K.L.:
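Have a look at this one before I ask anything.
This structure is a prediction, so every number in the text was calculated from the model and none was measured.
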Amino acid sequence: MEQQLLSEPAADIADAARTSGDAKRGAVLFHQVHVGCAKCHAMDGSSNSLGPDLTKLAQQKNATDAYLVTSVLKPSAEIRKGFESLTVVTTDGKTNTGLLVSR
């Protein structure tokens with residue numbers, strides 16, 4: 001199914017979701033541990049620093065329906081500024097990966 005969805009235009013998928021989508025089923029899927037959405041994204045306005053708060057998407061100029069579909073199907077295709085991971089190698093050779101909080 002993933003390959004089929006990836007082969008369809010995102011705008012067409014967004015149109016289908018608008019007309020026949022099921023928000024309750026989507027919420028259940030969002031919170032499934034094996035899917036991983038809730039690990040990084042907040043949906044209730046609470047703070048989660050790993051990914052953008054999805055309750056504030058309307059404030060973003062590029063958050064079109066097609067953009068959201070693409071982001072769901074390819075979550076790492078475009079990382080929003082401020083949420084890029086950084087890898088640091090210490091002088092003793094240890095590697096740490098995370099988000100930059102301050103310099």
K.L.:
Under a 4.5 Å cut-off applied to non-hydrogen side-chain atoms, are Asp65 and Arg18 in contact?
P.N.:
yes
K.L.:
Please give me the minimum heavy-atom distance between Leu54 and Phe30, naming the atom from each residue.
P.N.:
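So the minimum-distance heavy-atom pair works out to CD1-CE1, 3.6 Å.
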K.L.:
Quick one: salt bridge (charged side-chain N to carboxylate O under 4.0 Å, His left out) partners of Arg25, sequence neighbours excluded?
P.N.:
none
K.L.:
Closest heavy-atom contact between Ala14 and Ala66?
P.N.:
CB-N, 4.2 Å
K.L.:
Got a sec, which residues hit salt bridge (charged side-chain N to carboxylate O under 4.0 Å, His left out) with Asp12, two or more places apart in sequence or on another chain?
P.N.:
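Once residues adjacent in sequence are excluded, Asp12 has no partner under the salt bridge (charged side-chain N to carboxylate O under 4.0 Å, His left out) criterion.
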K.L.:
Any sub-3.5 Å donor-acceptor pair from Ser7's side-chain atoms to Gln4's backbone N or O?
P.N.:
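Yes; judged by distance alone, with no hydrogens or angles, the pair exists.
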K.L.:
Are the side chains of Thr87 and Asn96 in contact, using a 4.5 Å heavy-atom criterion?
P.N.:
no
K.L.:
May I have all residue pairs that pass salt bridge (Lys or Arg N to Asp or Glu O under 4.0 Å) and include part of residues 77-98, sequence neighbours excluded?
P.N.:
none
K.L.:
With a 4.5 Å limit on heavy-atom distance, are the side chains of Tyr67 and Thr64 in contact?
P.N.:
yes
K.L.:
Is a side-chain donor or acceptor of His41 paired with a backbone partner of Asp53 at a separation under 3.5 angstrom?
P.N.:
no
K.L.:
Show your working on side chain to side chain donor-acceptor pair (under 3.5 Å) between Thr97 and Ser85 and close with a plain yes or no.
P.N.:
CA-CA 7 Å; Thr97 302; Ser85 64; over 6 Å; no
K.L.:
If we only count heavy atoms from C-beta on, is the Val28 to Lys24 side-chain gap below 4.5 Å?
P.N.:
no
K.L.:
Closest approach of Leu5 and Ile13, non-hydrogen atoms and distance?
P.N.:
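Shortest heavy-atom contact: O-CD1, 3.3 Å.
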